[in-house]
Amino acid sequence: MRVQLSIDKVRGPFVARVEEISGQDLLACNQCGKCSAGCPVVAAMDLLPNQVIRMAQLGMEDVLECNTIWICASCLTCVTRCPKGVDLPRLMEALRQIALRRGVAKLDLAALPPELLKEVPQLAIVGGFRKYMR
Amino acid sequence: MNYRALVIGAGIGGMQAALDIADSGYEVFLVEKDPSIGGHMAQLSETFPTLDCSQCILTPRTVEVGQHPNIRLLTLSEVVAVESGARPESEGTLTPALSQGERGGHFRVRILRHPRYVVEEKCTACGDCAKVCPVVVPNEFDRGLAARRAIYIPHPQAVPAVYRLDPNACLGLFPLACGKCGEACERQAIDYDMAPETVEVDVDAIVVATGYELYQEEAVMAYAYMDHPDVMDGLEFERLLSASGPTGGKLVRPSDGKVPKEVVFIQCAGSRNPEHGLPYCSKICCMYTAKHAILYKHRVHDGQVYVFYIDIRAGGKGYEEFVTRAMEEDDTVYIRGRVSKVFPRDGKVVVWGVDTLTERKVEIAADMVVVAAAIVPSARSRRLAEVLGIGVDEFGFYTASDAEMTPVESGVPGVFLAGAGLGPQDIPETVAQASGAAAKVLVFFEAEKAKRRKDTDRQD
Amino acid sequence: MSRIGVFICHCGINIASTVDVERVAEEVGQHPEVVYATDYKYMCSNPGQQLVKDAIVEQDLDGVVVAACSPLMHEKTFRRTAAAAGLNPYCCEMANIREQCSWVHQREPARATEKAIEVVQTVVERVSRDEELEPFRLPLTKRALVIGGGIAGMEAALDVANAGFPVVLVEREAHLGGKMARLSGTYLNLRAAPDLLERKVEQVLKHPNVEVWTEAQVIGVEGYVGNFEVEVSGKVSGFKLGEPETLKPETMTFGVGAIVVATGWDPYALERLPEYGGGEIPDVVDGLTFEGMLREEGGLRRPSDGRVPREVVFVQCAGSRDPERGVPYCSKVCCMVVAKQAISFKERVPEGQAYVFYIDIRSAGKGYDEYVQRAMEEHDILYLRGKVSKIFRDGDRTLVWGADTLSSRPVEVAADLVVLATPMTPSRQALDLAQTLRVGVDQNGFFSEAHPKLRPVESLTAGVFLAGAAQGPKDIPETVSQASGAAAKCLQLFSQDEMTQEPTVAYVVEELCSGCSVCVEACPYDARAIHPVRGVATVNAALCQNCGACVVACPNKASRIYNWTPEQILAMADVIVGTCRRVR
Amino acid sequence: MGIPYYPGCTLSTKAKNYDRSGRAVAAALGGDGRFELEELAEWQCCGATFPLMLDDSMALIAPTRILYQAQQAGERVATLCAICFNVLRRSQALLKRDPEMLERINWFTEQEYRGDVTVVHFLEVLRDDVGWEALAERVVRPLTGMRVAPYYGCLLLRPYEEIGLDDPEDPVILHDLVRALGAEPVDFPYNIECCGSYLTVKDPQVSETLSKDVVASAREHGAQVIITACPLCQFNLDYPQRETEAGRTGNEIPVLYFTQLMAVALGLPEETWGFEDHYVDPGQTLRVSENP
């Protein structure tokens, strides 16, 4: 399928919203890929972190369907090394927030192995609620 | 002793070389094929990375060249033959020389001067002639985006500020079919009987600075260039941006005069394409496209620019920062991937490309498309190289004797190279290189003088 | 004065789209001393200048105001124009209605027009009080100082010397050759750098016009274009004297007319790249170190254990294009240097594999793109588009974590050797030298050229020229061209018999001067002194830069500047405060 | 000298051993009045994540309340939990540079937080107030020969601009601590890689993979013990090494809080060590290496 690019998309409401929530200039990213190179969780992602920014830059809303934004653990390795100072964890958060506010919920504690649930530290559950639910 | 140099090509490179040599006290013949000097730089709107107005920084140079006591400017002229080792005592036919004195006479150069049909000394550029001329043809200086008459001046700041009659457009010179301009000219500056003239000059060194043209072959045409009025090359876009251009700096589409809201720039049109175009990189396109993006946004605040590219080549002082500015401040969307197809649809120009970073095919329905056509050497470069006995590569760019250690030396003693005739390069590089070629000329003169001193001593 | 002409430039649309130029002409034309006022699309063009010339002759003008851009841009142009028409050029002044009016008031055309009228009127007042001046003539020392004995400095020195002028070449190291002396080869001649360079060094050392100082530095510079006094400390080249072992350190002062700055570059500290293990991991080296390995026969060995590396990773932009933690600029040469190094590596280790991590391949230059293509196609060098994030030691291997943004995969390479393409940074002596020479540097510490487009080899200080990487990263071919360009500027200068100096400098009204020497302290250019006999302040016109510090400092109003007198300034101020449009 | 101390939820529940050992260490070092942890009179959960979105300040309320409570107690507040530390330090930095936000939250909480409490991590107090040499002098059971891998994780170091505790690429603070205790720090490349954090409640297999990589890397470099400053890191590294039906591999490495290691070295009573709450019992390693 050919993706239609137009000003309504690349400077459209989705891009504006992502930039507003994250406080980042999407186009500051020149796609060098250093974030993807250093991301510790990248193996579990279906899109590379730089591709997530890329899709956001182009206003591709289907970026919300990827698992990458939910796999990102906000470890901040990428922003520590980003040559352009792009705060990718904030971008990921913005995308999560947009999805969550549309009613997506990603945390299902019932699906966790009960023995694990019993053991996990409280802050993992609190953090999980903050990141994956609304 | 009075040595003389010949500089071929009066673009920014040739002018710089001529000025450096002339300012060092030597006479320079500056030969230009076009009716006015300044080359492509005169056509530019602004220059990267400072966005200086091109005319503003160029005009002092063109005026200086035009008025320089040591520079003899020959426009509408081309070098047709060069004979080396000419007799020192010989005098060229182009007399009187600017000043008398002993000369080295290393080369005898034959120059063909095409008739201007307007006597330079008489013309005041009042424009009365053009007002009455009935013939309307595209203006080359504006890359065909505006019209001119058969008698015309390329642009208002042209040096020399003299009109020229285009014999191909004129209704007829032999016999005279119209003659209106001649009637209109109060100063009687128009001479329909002017004939081509061949002059000979003796010079001691030559700088070749014949510059570049834009590629217009298949690889560029594939992007609907020529098929669609709203698809243009970089120089056409410069004219559209220029305050002295056909629209007075108002950015509108040639097709319908509307302001384009979405503009796509296609890099490497013909460049880096060994199969269907040219294998080399044209070097300057990445930067001028970033400049176009910024200038476009200055004029159309709510517009959007897309740039299809393979690699962004911003190597140069302040260049990386400039491209960053295009992205961050002017929201230019760079798309890494080549364009495969451009075609019209519903009054738009549709661009099919790919974003290799998201691995998706993309389509943009643009209002205007600008192709960064490859830089090719001036059409006459091969012939000139033959005349001078210097080398060219397979594309017609001149070759230096050693590209790395002697980049401005042709290998023929006394013949030096500068500017985009050697290969694509930008203005500062051309200017520095032209000064470099001038230095080699000055050094060459000294060596010649020393040789002659030695000869004279021996005779004594 | 009584017959002033005013010429208002549209500057295309730069001025005319904001300022109503016709109205400005009309308003200013009302001034009793203005006998001619007109506007034109490009006053700086030939016809525009002709217009000025014609008016000077036809209207018998004795003063000219050109209302256009900044005087930095075109004051010279129009003064020359005025002179060509027989007017004293110093009776022609610019009124800046572009940078200081139309550009900054684009949204308020009406008020911009009012401002433009006032600006032009003030300059009319100034011109009406301008004196006719003549330039000073000064002697000229036809000798050049070249600072830096790398390829740039040597090329510039040879050009100047070959044109018959003496050159003093000052090199901070013990040997000439600079960074090129540490390279194994050039792009085209993979092993020839030492030979090519040696020939050049020999030419320099043997040249009768070149005096070489090594382990030397410029410790002081006085004077001005054509007449610099430079103090150099170091060793006069022993090669020249034929007895290298008897070198003695010396300090000497020379007179030179022109200076070429060719101080080149220095490498970026590896320690600034902690995520790449810079300075920590022995098998992570920079490009120059790798060149050293290639240079030496059998020198291509891992620092850690001396084994010949089989898999080598090259990391582009290691510190470049990184405004956050490194340098913001692109270092320009690395893409080609890395391609060359990778090919050289493959030549020595044919069964080896080279990987290059990059963001953009910047092989812009004649034959350069083809060169990189050959590296890929013929030498099987693998290019991966993605910046490396982390490099660390793992046993005897060095692990490189990168990404290939094109296949969208994170990748890991277990390398035997990692070469970081670190940025070229300005020579460590650049800042001090810039201060000594009073020339500017840019935000990254490279020497600033006078104009980025049209004056690439000149500094803004007259008589000081730039060559090579001192001005910004560049490769050998570009450096060589540019160095010759700098030489051309020296030669141009030396072609004159004497120097001329602008007469618009400070002077002292001796009757008013009490010799208090406040102005001597105030002058930033050392242009003032107290006359030993007369006891009043004097001005060295050649050093004076017309800054006005002395005028402000003088308690007796004895210090003035030609054509910037208090009377002129007050008359201009009168226009602005609106107290007076007086008729004399 | 007493320092106001914020334990946080996890240190009051799952990670009591961290809290207990921390307080014991402080008390021991504070013997001559150098420092002592004084728990805030009243505190609440910090929220466990620093809010990364700019359009919602709800999540800043909890940290601000904690900072207000700290303000009532003194000029600074110390934490042990690296996550609480990160949340509080970043929140503090944000409130400092955005007085409007501070005002808005104060309006909502009806408390007057002035915005100038300094948030410190216990490790900083050790480094800056106590000093490594002074600490070394207090060691009674030097862990000579023990190879300890300091695992920094993410939130103790990043983002550097707001945390600034140590070099984010090449941290040394835990290394220095290990040395002060007489043990040998093990440098391993995964010491700043993420353990998977709260992915453990969403995609436990992902965090398990990450954690196993970290442990494997430490092991490969010869570590006998891993230390950490974060209860979630401790859990993520320790839990996957638990005894399952398949039994143990024998390759397990105990994962300790740095305070536990200190308690051992400082010769504090065993009940302060809290070894019973581990999936891999550190007792064996530490008791074996006991120096006479």
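Note that the structure is predicted; figures quoted are calculated from it, not measured. Numbered from 1 within each chain, the chains take letters A, B, ... in sequence-line order. Worth knowing before you read on, the calculation uses all heavy atoms, side chains too, and leaves out hydrogens, waters and symmetry mates.
Not one N or O on the side chain of B:Glu328 forms a donor-acceptor pair closer than 3.5 Å with the backbone of A:Asp25.
Between A:Asn30 atom CG and B:Arg336 atom CZ the span is 12.5 Å, to the nearest 0.5 Å. Here A:Gln31 contributes atom CD and B:Leu357 contributes atom CG; the two are 5.0 Å apart, rounded to the nearest 0.5 Å. Rounded to the nearest 0.5 angstrom, B:Arg360 CZ and A:Met55 CE are separated by 3.5 Å. To the nearest 0.5 Å, atom CE of residue A:Met60 and atom CG of residue B:Asp355 are 6.0 Å apart. Expressed to the nearest 0.5 Å, how far CG of A:Leu47 lies from CD of B:Glu359 amounts to 8.5 Å.
Residue-level contacts of residues 266-285 of chain B with chain A do not occur; threshold 4.5 Å between heavy atoms. Within residues 214-240 of chain B, no residue has any heavy atom less than 4.5 Å from a heavy atom of chain A. Contact annotation for residues 304-324 of chain B against chain A (heavy-atom separation below 4.5 Å, listed by residue number): B:Gln304, B:Tyr306, B:Glu320, B:Thr324. By a heavy-atom distance cut of under 4.5 Å, B:Glu363, B:Ile364, B:Ala365 are the residues of residues 363-370 of chain B near chain A, going up by number.
Using a 4.5 Å cut-off on side-chain heavy atoms (C-beta onward), B:Thr332 and A:Leu27 make no contact. Proximity of A:Leu26 to B:Met327: side-chain heavy atoms (C-beta onward) are nowhere separated by under 4.5 Å.
Counting heavy-atom pairs closer than 4.5 Å to chain B, the top residue among A:Gln51, A:Gln57, A:Arg2, A:Lys84 is A:Arg2. Considering only heavy-atom pairs separated by less than 4.5 Å from chain B, the leading option among A:Val63, A:Val52, A:Asp62 is A:Asp62.
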